[in-house]
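These notes concern the structure reproduced below.
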Amino acid sequence: MKTDTIPITKDSLKALLEISKKYTAQNQSFDWVNFWAIITFIIVSGVIGGCVNYYYNLKKDSEGNDGNTLFRSVIVGIGASIIVPIFLEITQSRILDGLQNHKLNDCILFISFCVLAAITSTRFISTVSDSVLNRVSKAEDTAKEAKQKADTLVKATEQRGGTQKITETTKQIIEASGIENKPDDLDDPCKGKFGRSREDENYKISVDKIADPSIKGWYNLTYKVFAKDPSKVKLEGQVRFHLHPTFKPDVETVDVVNGVAKLKRVAWGAFTIGIEILSTGTKLELDLEDEPDLPDDFKKR
């Protein structure tokens, strides 16, 4: 046995485990004594504050004859005292922690808060209620904004263009996603399969890009197919766009409107888009790596 080791017998280990279990049970048990003490503070403070509120405003109530009674003041005072913990939580006060640790100063402060809340019961309840409702409204707005950003990100992820060199992890994701007609080469399957040119003697494809402000590094791309000289040749019917297999769907057929076929998609990296003009059988392809307006980091993905 090494000199720096301490032998522990089976009985000693068992005793240590028992002590640990008891300590854990004690810390996990609910402190009912402390709980009922706080409830008592709240009720007594509410009664005291309600009485103070009633007698303090007695003359004004008699003149205004608003029907206020001692019983009503006490009940409203208790109600105001009950929501003091909410007020302390909103203000991020440490008084409740002090109550759990049985600190005398925090106990006195808590009782004072409850009495003050009961004295100003109607105003206090209104103030705390408005604050809580405002927080709930802000939380809902934040949740909606977060959901919108998440939905945008999910949509963009589903429609994103593939990188020039897809990692093994991305390939596994694509294979697991159940995309049909997956090509053997996932890097850029349309490259070289649609005529290797963005235009022929009659038709041309171009792309307009706008950076997506909600997701850094992503771009809203609009692909346009049109006739180079509409006075000689018209583009009619439908155009089929072949996107990267990471898009869902990766093949889309678009109607020609006013001589132009448009397709808008969000992309994260460069790839080759293939075009079929169904009325003529014309094939074109556009490699986003060759677009001068797109940034280098986009092209290298």
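Since the model is a prediction, treat every value here as computed from it, not as a measurement.
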Might you work through the side-chain contact (heavy atoms from CB on, under 4.5 Å) test for Tyr55 and Leu70, ending with a clear yes or no? CA-CA 8 Å; Tyr55 288 107; Leu70 177 60; 4.0 Å; yes

Would you please test Arg240 and Leu278 for side-chain contact (heavy atoms from CB on, under 4.5 Å) and show each step? CA-CA 7 Å; Arg240 183 167 295 156; Leu278 301 185; 3.9 Å; yes

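Residues Cys190 and His244 form no side-chain contact, since every pair of their non-hydrogen atoms from C-beta on lies 4.5 Å or further apart. In this structure the side chain of Leu263 reaches within 4.5 angstrom of the side chain of Leu243, judged on heavy atoms. Contact check for Val47 versus Ile78: side-chain heavy atoms found under the 4.5 Å cut-off. Between Val52 and Val115 the shortest side-chain heavy-atom distance does not fall below 4.5 Å. Looking at heavy atoms from C-beta onward, Leu221 lies out of side-chain contact with Arg265 at the 4.5 angstrom threshold.
Heavy atoms only, all atoms of each residue included: Asp106 and Arg94 are closest at OD2-O, 4.4 Å. Heavy atoms only, all atoms of each residue included: Leu288 and Gly269 are closest at CD1-O, 4.4 Å. Residues Ala80 and Ala117 come closest through the heavy atom pair CB-O, 3.3 Å.
Considering NZ of Lys262 and OG of Ser206, their distance stands at 9.5 Å, rounded to 0.5 Å. Trp32 CH2 to Ile39 CD1: the interatomic distance, rounded to the nearest 0.5 Å, is 10.0 Å. Interatomic distance, CG of Leu88 versus CD1 of Ile95, reported as 5.0 Å (0.5 Å rounding). To the nearest 0.5 Å, atom OG of residue Ser121 and atom CD1 of residue Ile83 are 9.5 Å apart. Separation of atoms OG (Ser73) and CD1 (Ile119) is listed at 11.5 Å; rounding is to 0.5 Å. Expressed to the nearest 0.5 Å, how far CD1 of Ile273 lies from CG of Leu284 amounts to 10.5 Å.
Using a distance-only test at 3.5 Å, with no hydrogens or angles considered, no donor-acceptor pair links the side chain of Glu236 to the main chain of Val256. Side-chain atoms of Ser45 do not come within 3.5 Å of backbone N or O of Ile42 as any donor-acceptor pair. Side chain of Asn134 to backbone of Asp130: a donor-acceptor contact under 3.5 angstrom is found. Ser112 places a side-chain N or O within 3.5 Å of a backbone atom of Ile108 that can act as its donor or acceptor partner. When atom types are taken as modelled, the side chain of Thr40 and the backbone of Trp36 share a donor-acceptor pair closer than 3.5 angstrom. Side-chain atoms of Ser81 come within 3.5 Å of backbone N or O of Cys114 as a donor-acceptor pair.
In Asp297, the CG atom is crowded: over 12 heavy atoms of neighbouring residues, nucleotides or ligands sit closer than 6.0 Å. In this structure, Lys209 places its NZ atom where more than 12 heavy-atom neighbours from other residues, nucleotides or ligands lie under 6.0 Å away. The environment of Glu89 atom CD is sparse: at most 12 non-hydrogen atoms of other residues, nucleotides or ligands sit within 6.0 angstrom.
Within the structure, every pair that satisfies the ring pair (Phe, Tyr, Trp, His ring centres under 6.0 Å) test and touches residues 274-301, not counting sequence neighbours, is listed here: Tyr219-Phe298. Counting only residues at least two apart or in different chains, side chain to side chain donor-acceptor pair (under 3.5 Å) contacts with residues 272-281 comprise Asp188-Thr272, His242-Glu276, Thr280-Thr282.
Of the charged side-chain nitrogens involved, none lies within less than 4.0 Å of a carboxylate oxygen, so that Glu201 and Lys232 do not count as a salt-bridged pair. Note on Lys228 versus Glu199: salt bridge recorded, some NZ/NE/NH1/NH2 to OD/OE distance being below 4.0 Å.
Under a hydrophobic clustering in which Ile, Leu, Val, Met, Phe, Trp and Tyr are joined whenever their side-chain heavy atoms come within less than 4.5 Å, directly or via other members, Ile75 and Ile125 fall into different clusters. Hydrophobic clustering (ILVMFWY, side-chain heavy atoms < 4.5 Å, transitive): Tyr54 and Leu116 are in distinct clusters. Residues Val251 and Leu286 fall into different hydrophobic clusters, defined by Ile, Leu, Val, Met, Phe, Trp and Tyr side chains chained together at heavy-atom separations under 4.5 Å. Val233 and Ile205 fall within the same hydrophobic cluster, defined by Ile, Leu, Val, Met, Phe, Trp and Tyr side-chain heavy atoms under 4.5 Å apart, directly or through other members. By the criterion of side-chain heavy atoms lying less than 4.5 angstrom apart, applied directly or through intervening Ile, Leu, Val, Met, Phe, Trp or Tyr residues, Val254 is not grouped with Phe194; the two fall into different hydrophobic clusters.
Remark: of the listed residues Lys299, Lys191, Arg198, Lys191 is the sole one forming a side chain to side chain donor-acceptor pair (under 3.5 Å) with Asp287.
The aromatic rings of Phe87 and Phe113 lie tilted to each other, with the angle between the two planes from 30° to 60°. Phe241 and Tyr223 have tilted rings, their planes meeting at an angle from 30° to 60° on a 0 to 90° scale.
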